[in-house]
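Below is one structure, written out as structure tokens; the observations come after it.
In this text the structure is predicted, and so the values were computed from the model without any measurement.
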Amino acid sequence: MLSLRARRAIPLYICCLTTITSVSAFADNTLFTAMDDPATAKKPFEGNVQAGYNAQSGNSQSSTLLANTNMTWFNSDAAYSLWGAANNTTSSNVRSSEKYQAGGRTRYNLTDRNYLFGQASWLSDRFNGYDSRSTLTGGYGRQILNGPLSDLRVELGPGVRHDEYHGGGRATKALAYGAANYSYQLTDNTKFIQGVSALANEETTLNSESALNVAINDKFSLRVAYTVTYNSKPPASAPKNTDTTTSVTLVYGL
């Protein structure tokens with residue numbers, strides 16, 4: 001038999017999924033944005049804005065702009081998060097990369113270790129073959145580690161994804177979702193973060209991000225990240241299976 005708390009959580013979980021789906025403006029930073037445990041949150045709101053820019057002129061001309069934001073609200077048992085990101089690269093006055101993302105996520109604690117989650121995300125990445133990719137997932141999560149230095153959580157569940165391809169055509173398919181997120185406080189000012197996620201049906205998409213956050217002061221920090229995305233069946237307009245990105249950004253805590 002389910003406990004009273006679990007029975008109360010199920011309607012909230014369904015409601016959160018419905019709410020996220022209806023907000024088209026936040027239709028994955030990444031799909032493994034597993035949020036902090038609301039039971040251990042130190043304040044009711046945490047947010048940040050990140051930005052990076054590089055420009056070169058002379059014999060060659062290029063520019064790159066990176067920007068993203070993440071905002072999370074906590075109460076005793078639940079957390080709610082919104083995020084967005086943009087990445088643009090131009091070389092010799094020709095756009096060579098253009099990627100936009102937005103998403104929303106919720107987490108509800110059933111016990112100290114177990115929780116339910118729901119998340120929805122929208123991605124536009126035409127240079128990798130997608131005019132639009134909308135994903136909705138939900139399921140069960142487990143908080144494995146939650147100490148002063150280490151944090152580890154894993155989650156899994158069903159989902160659905162709708163793709164609109166840059167080369168033409170569209171598809172809507174059910175999928176299985178799984179993810180893990182690990183962080184380790186190396187020093188008082190430095191934290192290592194590793195996230196991985198998988199979306200699988202007859203096509204498998206794997207995401208990985210390794211990042212190092214170095215605090216400069218109470219408001220600013222430097223973030224170095226390396227992300228890898230693998231698609232077992234990429235669109236015909238972007239046939240390579242693997243994409244990687246290395247970024248260095250300045251983070252401002254809200």
In short, side chain to side chain donor-acceptor pair (under 3.5 Å) pairs touching residues 211-226 with sequence neighbours left out are Glu209-Arg223, Asn213-Arg223
Donor-acceptor pair between Ser232 and Glu203 side chains, under 3.5 angstrom: no
Set of residues satisfying salt bridge (Lys or Arg N to Asp or Glu O under 4.0 Å) with respect to Arg113, sequence neighbours excluded: none
Quick one: salt bridge (Lys or Arg N to Asp or Glu O under 4.0 Å) pairs with a partner in residues 167-181, sequence neighbours left out? Glu164-Arg170, Lys173-Glu202
For Leu206, which fellow cluster members are found when Ile, Leu, Val, Met, Phe, Trp and Tyr are connected by side-chain heavy-atom distances below 4.5 angstrom, either directly or through intermediates? Tyr230
Donor-acceptor pair between Asn70 and Ser81 side chains, under 3.5 angstrom: yes
Check ring-ring contact (aromatic ring centres under 6.0 Å, His included) between Phe220 and all other residues, then give those that pass, not counting sequence neighbours. Tyr252
Verify whether one side chain among Thr229 and Asp243 offers a donor that lies under 3.5 Å from an acceptor in the other. no
Do Leu145 and Asp151 come close enough that some side-chain heavy atom pair is under 4.5 Å? no
Apart from Leu66 itself, which Ile, Leu, Val, Met, Phe, Trp or Tyr residues share its cluster (side-chain heavy atoms under 4.5 Å, direct or through members)? none
For Gln194 and Tyr184, test the side chains for any donor-to-acceptor distance below 3.5 angstrom and give the result as yes or no. no
Side chains of Val196 and Tyr182, heavy atoms from C-beta outward: is any pair under 4.5 Å? no
Charged N to carboxylate O below 4.0 Å: is that the case for Asp131 and Arg126? no
Go through the steps for Leu250 and Ile216 under the test side-chain contact (heavy atoms from CB on, under 4.5 Å), then give the verdict. CA-CA 10 Å; Leu250 184 65; Ile216 300 172; 4.0 Å; yes
Aromatic centroids of Tyr165 and Tyr130 separated by under 6.0 Å: yes
